[in-house]
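Have a look at the structure below, then the notes.
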Amino acid sequence: MGPKAETKAAKPKAAAAKPAAKKQTQARLVKKTIGGDKNGGHRLVRKTRMSRYYPTEDKPRKLRSRKTAFSKHKHSLRSSITPGTVLILVAGRHKGKRVVFLKQLDSGLLLVTGPFHLNGCPLRRINQIYTIATKTKLDISGVKLPERLNDKYFNRKQLKKPRHTEGEIFDTKKEVYTVSDERKEDQVAVDKQILDVIRKNKEKKLLFGYLGSMFSLGSRQYPHKMVF
Amino acid sequence: MVLSQFRFVEVGRVAYISYGPDAGKLAVIVDVIDQNRALVDGPCSGVSRKQMNFKALELTSIVMKIPRGLRPGNLRKAWEKQEVQKKWDSTTWAQKIANKKKRAQLTDFDRFKLMKAKQARNRLINVEFGKLRKTVKRPAPRLRKKKSVKK
């Protein structure tokens with residue numbers, strides 16, 4: 001009783017499915033005219049071709065990777081670092097210098113400036129892990145940064161590699177990095193505002209000296225015991 | 001050896017607690033329990049009445065006039081009347097502790113300012129020292145006889 005009933009139930013279903021299927025397949029077919037005599041003049045051809053290859057085994061599924069691309073990373077900022085904080089750079093070309101933090105860029109890197117006149121550090125990106133945040137903060141709320149200061153602006157430019165020709169192997173000049181005019185413009189624009197902020201501060205003389213000096217550790221000075 | 005050069009453990013001796021959970025606080029020795037321990041109380045300094053080993057107590061020069069076993073309430077009154085905190089704060093010991101604390105809390109900018117202040121002070125000192133040096137008559141410097149080669 002059981003199996004017979006099933007097949008009976010299955011049949012009308014299949015019958016119902018067929019015309020629906022037919023409708024769909026007919027949409028998939030396209031009439032194409034063909035030349036030549038005595039061959040019907042047209043063919044019904046599939047719109048999309050069938051695959052030429054069917055794998056015999058299932059494609060191995062890639063396991064979910066926990067790795068995310070850098071652009072999709074979440075960027076946090078230490079609570080001790082706020083716009084206007086004086087940071088001590090601990091690594092890189094400008095290590096030991098005290099610089100002013102401006103803002104965090106989209107990539108998570110920090111935008112800082114010396115100011116250039118005080119310590120030779122230009123508008124620059126640095127990673128916050130190479131900085132020590134001090135408790136000294138300047139009021140940068142009124143400082144307007146140029147719109148174009150973003151990660152793309154600071155990306156490294158590919159310098160042209162010199163092409164070696166027959167007789168000029170030792171003469172080829174390397175293309176040296178030169179500061180672009182827009183960088184100089186922006187540097188001046190930003191530094192002017194920051195120097196104004198420092199001048200308004202009560203301790204401006206000492207602040208100028210402070211930002212111009214380098215940080216160093218003496219004996220019996222242990223960073224984990226010091227307050228910055 | 002004069003007895004007066006010692007600070008004695010006695011009822012009323014104010015002690016500075018050097019280690020433990022109450023480190024850095026003042027307490028009074030209210031009673032002596034045995035050779036190693038005292039009953040100690042610091043109602044105005046946040047030390048509850050308890051026994052403490054003498055090893056943790058550093059005796060100060062301040063002695064309160066209190067009877068043995070004085071209860072906390074009256075002890076507090078005596079502390080305030082005898083101005084123990086004031087006496088303590090005026091000692092160099094307390095000032096040294098306060099200075100140490102201050103130094104530990106200096107920020108990077110503060111350290112820079114301190115350095116500049118020291119330099120300015122030392123310049124003044126050196127100028128004065130130089131002036132003093134000039135007033136002192138110094139013997140003529142002894143010339144070393146040079147062995148010259150005679151031609």
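The chains referred to below are lettered A, B, ... by the order of the sequence lines, with proteins before strands, and numbering in each begins at 1.
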Count the heavy atoms of every other residue, nucleotide or ligand shown that sit under 6.0 Å from [atom1] of [X], and state whether that count exceeds 12.
{"X": "A/Asp106", "atom1": "CG", "result": "no"}
{"X": "B/Lys50", "atom1": "NZ", "result": "yes"}
{"X": "A/Gln158", "atom1": "CD", "result": "no"}
{"X": "A/Lys157", "atom1": "NZ", "result": "yes"}
{"X": "A/Gln221", "atom1": "CD", "result": "yes"}

Counting heavy-atom pairs under 4.5 Å with chain B, the top scorer among A/Leu207, A/Leu206, A/Thr136 is A/Leu206
On the ring face of A/Tyr210, is B/Arg111 found with NZ or CZ under 6.0 Å from the centre and within 45° of the axis? no
So B/Asp108 and A/Phe215, do their side chains get closer than 4.5 Å, heavy atoms only? yes
B/Phe112 versus chain A, heavy atoms under 4.5 Å apart: side chain, backbone, both or neither? side chain
Region of B/Arg103 that comes under 4.5 Å of a non-hydrogen atom in chain A: neither
Would you mind checking which part of A/Ile88 comes under 4.5 Å of any heavy atom in chain B, side chain (CB onward), backbone (N, CA, C, O), both or neither? side chain
